[in-house]
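A short write-up of the structure that comes next.
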Amino acid sequence: MSLDLLRTFLAVHRSGSVTRAAEHLGLSQPAVTAQIRALERTLGRPLFERLPRGMAPTPAAEELAGRVAAPLDALDELDLDDATGAPERAVHLGGPAELMSVLALPALAPVVAGGLRLRVTLGLADDLLTALTGGTLDLVVSTVRPRRGAALTAEALCDEEFVLVGAPGWGLDRLETAPLVAYAENLPILRRYWRVVFGTRLTRVPALVVPDLRGVLAAVVAGAGVTVLPRYLCTAELTGGLLVPLLEPELPPINTLFLVSRAGRLHPAAVTVRDHLLRRGRSW
């Protein structure tokens with residue numbers, strides 16, 4: 001039985017999608033579909049149920065995945081670079097744009113300068129975890145813990161603390177009328193802060209929405225209104241007086257960030273990145 005067919009099968013099984021498997025493998029969707037059909041003919045049984053959105057594995061597929069996943073991963077993780085003289089394979093790391101830019105990438109600068117190759121994907125947790133499961137990424141810094149049964153391993157990286165901030169001149173006495181600057185239309189960070197700290201449900205409409213917390217920070221520093229930000233993102237502005245904390249609750253809201261990998265053995269370069277981030281994360 002061809003290893004290529006098994007690798008294609010495993011990519012579809014892990015990603016739940018012919019499209020995502022094709023992207024990961026560098027193949028066309030028809031080629032992936034043809035390989036799955038060829039494997040099904042060889043085994044004499046269906047491996048996937050074709051759904052309007054994705055592919056659902058049959059019991060036969062689950063059994064096959066359980067048998068071949070570990071051996072195929074072990075083959076793919078063999079470090080052949082020493083024998084071939086080729087550069088060590090790049091580590092594919094995903095995470096939220098703000099944390100990667102402010103904390104993770106500066107922390108990894110020494111290992112990159114030392115010769116490690118790194119490729120970074122920025123995005124939302126669900127999309128990044130899907131890419132990790134499908135094999136496109138090696139590691140993900142995730143703002144949510146993966147669901148149980150996702151064949152992923154999550155380690156606590158750090159806690160991000162949220163702070164209610166505004167430029168000097170905005171005070172807590174003006175909070176009810178102050179324009180809100182938000183990351184998304186549904187105010188996810190602000191709503192959580194209001195629920196935890198004030199015990200109320202925030203129903204106001206934001207004055208400004210920008211899908212990057214660095215943009216939110218810049219707008220608030222310029223006086224656009226007030227917002228809630230991770231403290232790591234605005235520490236310099238708070239220290240320099242460009243922003244002021246409007247409230248310092250005894251128990252500020254926090255969110256645990258996780259460093260996530262696929263269950264099983266990581267290749268050596270990915271282990272280096274994982275261990276370095278976990279060490280540095282203790283001080284974030």
Side-chain angles (χ1 to χ4, degrees), residues 1-27 31-49 54-84 86 88-94 116-119 121 126 128-142 145-157 258-278:
M1 188 180 299
S2 166
L3 286 177
D4 287 339
L5 293 185
L6 291 175
R7 285 191 172 95
T8 298
F9 158 75
L10 196 58
V12 175
H13 182 271
R14 284 174 165 169
S15 66
S17 164
V18 168
T19 300
R20 288 193 290 269
E23 292 172 353
H24 169 58
L25 296 167
L27 300 173
V32 170
T33 299
Q35 290 189 22
I36 293 299
R37 288 175 177 167
L39 185 58
E40 288 176 329
R41 287 195 299 271
T42 299
L43 297 175
R45 63 186 68 180
L47 294 173
F48 296 98
E49 180 184 355
M55 305 278 277
T58 64
E62 298 288 10
E63 179 185 0
L64 180 61
R67 295 174 61 187
V68 306
L72 285 179
D73 285 343
L75 282 174
D76 290 340
E77 290 162 4
L78 284 176
D79 188 4
L80 302 179
D81 296 335
D82 292 340
T84 63
E88 187 175 26
R89 71 177 270 191
V91 179
H92 293 263
L93 172 67
L116 183 136
R117 293 192 299 137
L118 185 64
R119 300 294 181 266
T121 300
D126 287 346
L128 295 173
L129 292 174
T130 297
L132 176 64
T133 302
T136 306
L137 297 174
D138 298 306
L139 296 163
V140 166
V141 177
S142 175
R145 182 189 287 274
R147 295 183 296 273
R148 291 183 179 180
L152 300 175
T153 299
E155 300 175 85
L157 177 63
F258 298 92
L259 187 58
V260 189
S261 60
R262 287 187 300 281
R265 192 163 59 89
L266 287 171
H267 66 85
V271 171
T272 297
V273 171
R274 181 198 64 191
D275 292 349
H276 195 81
L277 284 176
L278 289 173

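Only a predicted model underlies this, so the values are computations on that prediction, with no experimental measurement involved.
Of all non-hydrogen atoms in Ser15 and Arg20, the two that sit nearest each other are O-NH2, 2.7 Å. Closest approach of Val12 to Ala21, counting heavy atoms only: CG2-CB, 3.6 Å. Pro57 approaches Met55 most closely through the heavy-atom pair CD-O, 3.7 Å. Smallest separation of non-hydrogen atoms from Ala156 and Leu278: O-CD2, 3.8 Å. What you find for Ala270 and Leu139 is that their closest heavy atoms are O-CD1, 3.6 Å. Nearest approach of Val260 to Ala154, heavy atoms of both residues: CG2-CB, 4.1 Å.
In this structure, the separation between CG on Leu152 and CZ on Arg145 is 12.0 Å, given to the nearest 0.5 Å. In this structure, OG1 on Thr272 lies 9.5 Å from NE2 on His267, to the nearest 0.5 angstrom. Atom CG of residue Leu5 and atom CD of residue Glu40 lie 11.0 Å apart, to the nearest 0.5 angstrom.
For the side-chain hydrogen bond (donor to acceptor under 3.5 Å, both in side chains) test, no residue two or more places apart in sequence or in another chain qualifies with Ser142. Looking at residues two or more places apart in sequence or on another chain, you find a side chain to side chain contact (heavy atoms under 4.5 Å, CB included) between Ala60 and Arg45, Leu47, Thr58.
Evaluated for a side chain to side chain contact (heavy atoms under 4.5 Å, CB included) with Phe9, the options Leu43, Leu39, Leu72 yield exactly one hit, Leu39. Remark: of the listed residues Thr130, Val91, Leu129, Thr121, Thr121 is the sole one forming a side chain to side chain contact (heavy atoms under 4.5 Å, CB included) with Leu137.
Side-chain atoms of Arg262 come within 3.5 Å of backbone atoms of Leu132 as a donor-acceptor pair (strictly under, hydrogens ignored).
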Stepwise side-chain contact (heavy atoms from CB on, under 4.5 Å) test for Glu62 and His13: CA-CA 8 Å; Glu62 298 288 10; His13 182 271; 3.0 Å; yes
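The shortest distance between side-chain heavy atoms of Val32 and Gln35 does not fall below 4.5 Å.
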